[in-house]
Novice: 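Once you've had a glance at the structure underneath, I'll fire off some questions.
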Amino acid sequence: MKPKNALTLALLLFVAASIVVLTVKSLRQNATASSDSGATAAQSDELPKLIDGVIAYYFHGNTRCVTCETIEAYAHEAIEKGFADELRSGRIQWRVVNYEQPQNTHFTTDYDLIAPTVVLVEMAEGKQKRWKNLVHVWELVGEKEAFVDYVQEQTRAMVGGGEKAESD
């Protein structure tokens, strides 16, 4: 076999193997996302009802892109690192919710959801006092430090009884 033909064959085999690997990964991610969507609803239901404090929601749909997953990871990190004591005490709760599941579709209108996002909800005496949709997470997702700062500042304001606006 000529070297040129061998190289062509090797490249074709590499491309074919890459396609197979990507297809398998995609199928596994879809299967995981399907099983995770049930788990996130269960996670939300398993948490005790918050009487006083802040719920930090990450809302997502059935289809989750890399950017959506990054927003969830950065927001979760911002809450975990900035409010570890509040999380342990239950004053802040982190919840991941698929707003496309039938039992969760009300969140779409409750919090003006149009895409995956982070929403902070202040609870007082077991009732929602106010909420804020952190819509700027999409603008900041490419700048992790600014993203984390934004989420932590907004959460600090919500925990501290800051501004009264319902959304950005």
Side-chain angles (χ1 to χ4, degrees), residues 25 28-124 127-168:
K25 274 187 172 182
R28 284 185 183 162
Q29 282 180 332
N30 288 343
T32 302
S34 295
S35 64
D36 284 350
S37 62
T40 57
Q43 173 195 7
S44 180
D45 293 340
E46 290 171 6
L47 291 170
K49 183 173 178 165
L50 187 62
I51 304 299
D52 293 304
V54 172
I55 302 170
Y57 284 106
Y58 171 69
F59 289 107
H60 67 85
N62 291 330
T63 303
R64 304 185 72 189
C65 66
V66 171
T67 304
C68 299
E69 291 173 349
T70 301
I71 290 172
E72 177 183 0
Y74 287 179
H76 192 206
E77 179 180 323
I79 298 297
E80 279 189 325
K81 288 188 176 178
F83 304 94
D85 291 340
E86 292 87 346
L87 282 166
R88 274 192 296 279
S89 72
R91 175 121 169 83
I92 293 179
Q93 290 183 355
W94 171 256
R95 297 185 183 180
V96 177
V97 177
N98 180 341
Y99 59 80
E100 290 185 339
Q101 289 187 330
Q103 70 272 23
N104 298 329
T105 57
H106 66 92
F107 288 116
T108 305
T109 53
D110 292 350
Y111 302 125
D112 298 330
L113 304 178
I114 57 171
T117 191
V118 177
V119 174
L120 302 174
V121 178
E122 181 182 10
M123 302 294 290
K127 295 186 178 152
Q128 178 178 294
K129 182 176 178 183
R130 64 191 172 120
W131 60 272
K132 186 166 189 175
N133 186 338
L134 305 186
V135 295
H136 296 298
V137 295
W138 281 92
E139 297 166 23
L140 298 171
V141 72
E143 306 167 46
K144 183 177 181 181
E145 189 174 324
F147 181 106
V148 169
D149 288 345
Y150 169 65
V151 171
Q152 288 179 346
E153 287 169 12
Q154 296 300 314
T155 305
R156 216 171 282 111
M158 186 68 73
V159 169
E163 66 183 65
K164 300 291 182 192
E166 285 197 341
S167 64
D168 260 339

Novice: Under 3.5 Å, side chain of Tyr58 to main-chain N/O of Cys68, donor-acceptor pair present?
Specialist: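 Checked: pair present.
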Novice: How long is the span from the CD atom in Gln128 to the CG atom in Leu50, to the nearest 0.5 Å?
Specialist: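 Answer for the CD-CG pair, Gln128 versus Leu50, is 11.5 Å.
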Novice: Taking the side chain as C-beta and beyond, is there a heavy-atom pair between Glu72 and Val96 under 4.5 Å?
Specialist: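 In contact.
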Novice: Could you walk me through whether Phe107 and Leu113 pass the side chain to side chain contact (heavy atoms under 4.5 Å, CB included) test, one step at a time?
Specialist: CA-CA 7 Å; Phe107 288 116; Leu113 304 178; 4.0 Å; yes
Novice: List in chain and number order the residues that pass side chain to side chain donor-acceptor pair (under 3.5 Å) with Thr117, two or more places apart in sequence or in another chain; answer none if no residue qualifies.
Specialist: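 Checked Thr117 against side chain to side chain donor-acceptor pair (under 3.5 Å); matches are Asn133.
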Novice: State, to 0.1 Å, how close Gln93 and Gly90 come at their nearest heavy-atom pair, and which atoms those are.
Specialist: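 The answer is CG-O, 4.3 Å.
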Novice: Is any side-chain heavy atom of Glu100 closer than 4.5 Å to one of His60?
Specialist: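 Heavy-atom side-chain distance check fails, nothing below 4.5 Å.
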Novice: Can you measure from CG (Asp149) to CZ (Arg156) and round to the nearest 0.5 angstrom?
Specialist: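 Taking CG in Asp149 and CZ in Arg156, the distance rounds to 8.5 Å.
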Novice: Answer yes or no: is there a donor N or O on one side and an acceptor on the other, between the side chain of Glu122 and the main chain of Lys129, under 3.5 Å?
Specialist: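 No, the answer is negative, given that no donor and acceptor are paired below the 3.5 Å cut-off.
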Novice: Between NZ of Lys81 and NE2 of His76, what distance do you get to the nearest 0.5 Å?
Specialist: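 That separation rounds to 11.5 Å.
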Novice: Would you say the side chain of Tyr111 lies within less than 4.5 Å of the side chain of Val121, judging by non-hydrogen atoms?
Specialist: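 Of all side-chain heavy-atom pairs linking Tyr111 with Val121, at least one is under 4.5 Å.
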Novice: Under the salt bridge (charged side-chain N to carboxylate O under 4.0 Å, His left out) rule, collect the residues that match up with Glu80, sequence neighbours excluded.
Specialist: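 None.
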Novice: Any side-chain heavy-atom pair from Ile55 and Met123 closer than 4.5 angstrom?
Specialist: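 In short, these two side chains touch, coming nearer than 4.5 Å.
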Novice: Check the angle between the aromatic planes of Tyr150 and His136 and answer parallel, tilted or perpendicular using the 30° and 60° thresholds.
Specialist: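 If you compare the ring of Tyr150 with that of His136, the planes turn out perpendicular.
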Novice: Once rounded to the nearest 0.5 Å, what's the spacing between atom OH of Tyr57 and atom CZ of Arg95?
Specialist: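 It comes to 4.5 Å.
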Novice: Do Asn62 and Asn98 have side-chain N/O donor and acceptor atoms under 3.5 Å apart?
Specialist: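 Judged by distance alone, the side chains do pair up.
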Novice: Tell me the closest heavy-atom pair linking Val151 and Ala75, and the distance in Å.
Specialist: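 In this case the closest contact between Val151 and Ala75 is CG1-O, 4.4 Å.
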Novice: Grab the two heavy atoms, one from Ala124 and one from Asp52, that are nearest each other, plus how far apart they are.
Specialist: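 Of all heavy-atom pairs spanning Ala124 and Asp52, the closest is CA-OD1, 3.2 Å.
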Novice: Among Val118, Thr67, Thr70, find the one that has a side chain to side chain contact (heavy atoms under 4.5 Å, CB included) with Val137.
Specialist: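 It is Val118; the other options fail the test.
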Novice: Decide yes or no for Phe59 and Val119: does some side-chain heavy atom of the first lie under 4.5 Å from some side-chain heavy atom of the second?
Specialist: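 Phe59 vs Val119: side chains touch.
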Novice: Check whether any side-chain heavy atom of Ile79 lies under 4.5 Å from a side-chain heavy atom of Leu87, and answer yes or no.
Specialist: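 Ile79 reaches Leu87 side chain to side chain.
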Novice: So do Ile71 and Phe147 actually touch side chain to side chain, heavy atoms under 4.5 Å?
Specialist: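 The answer is yes; the side chains approach within 4.5 Å.
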Novice: Which heavy-atom pair separates Gln152 from Phe83 by the least distance, and what is that distance?
Specialist: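 For Gln152 and Phe83, the tightest heavy-atom pair comes out as O-CZ, 3.5 Å.
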Novice: Checking the side chain of Arg91 only, and the main-chain atoms of Val159 only, is there a donor and an acceptor separated by less than 3.5 Å?
Specialist: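 Yes, Arg91 side chain to Val159 backbone: donor-acceptor pair under 3.5 Å.
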Novice: I'd like to know if the side chain of Arg130 reaches the main chain of Met158, judged simply by a donor and an acceptor atom lying under 3.5 Å from each other, with no hydrogens or angles considered.
Specialist: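 Yes: the side chain of Arg130 pairs with the backbone of Met158.
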Novice: Nearest 0.5 Å please: distance from the CH2 atom of Trp131 over to the CG atom of Asp112.
Specialist: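 Rounded to the nearest 0.5 Å, the CH2-CG separation comes out at 4.0 Å.
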Novice: Side chain to side chain donor-acceptor pair (under 3.5 Å) with His106: which of Asn104, Thr108, Thr109, Asp110?
Specialist: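 Filter result, single survivor: Asp110.
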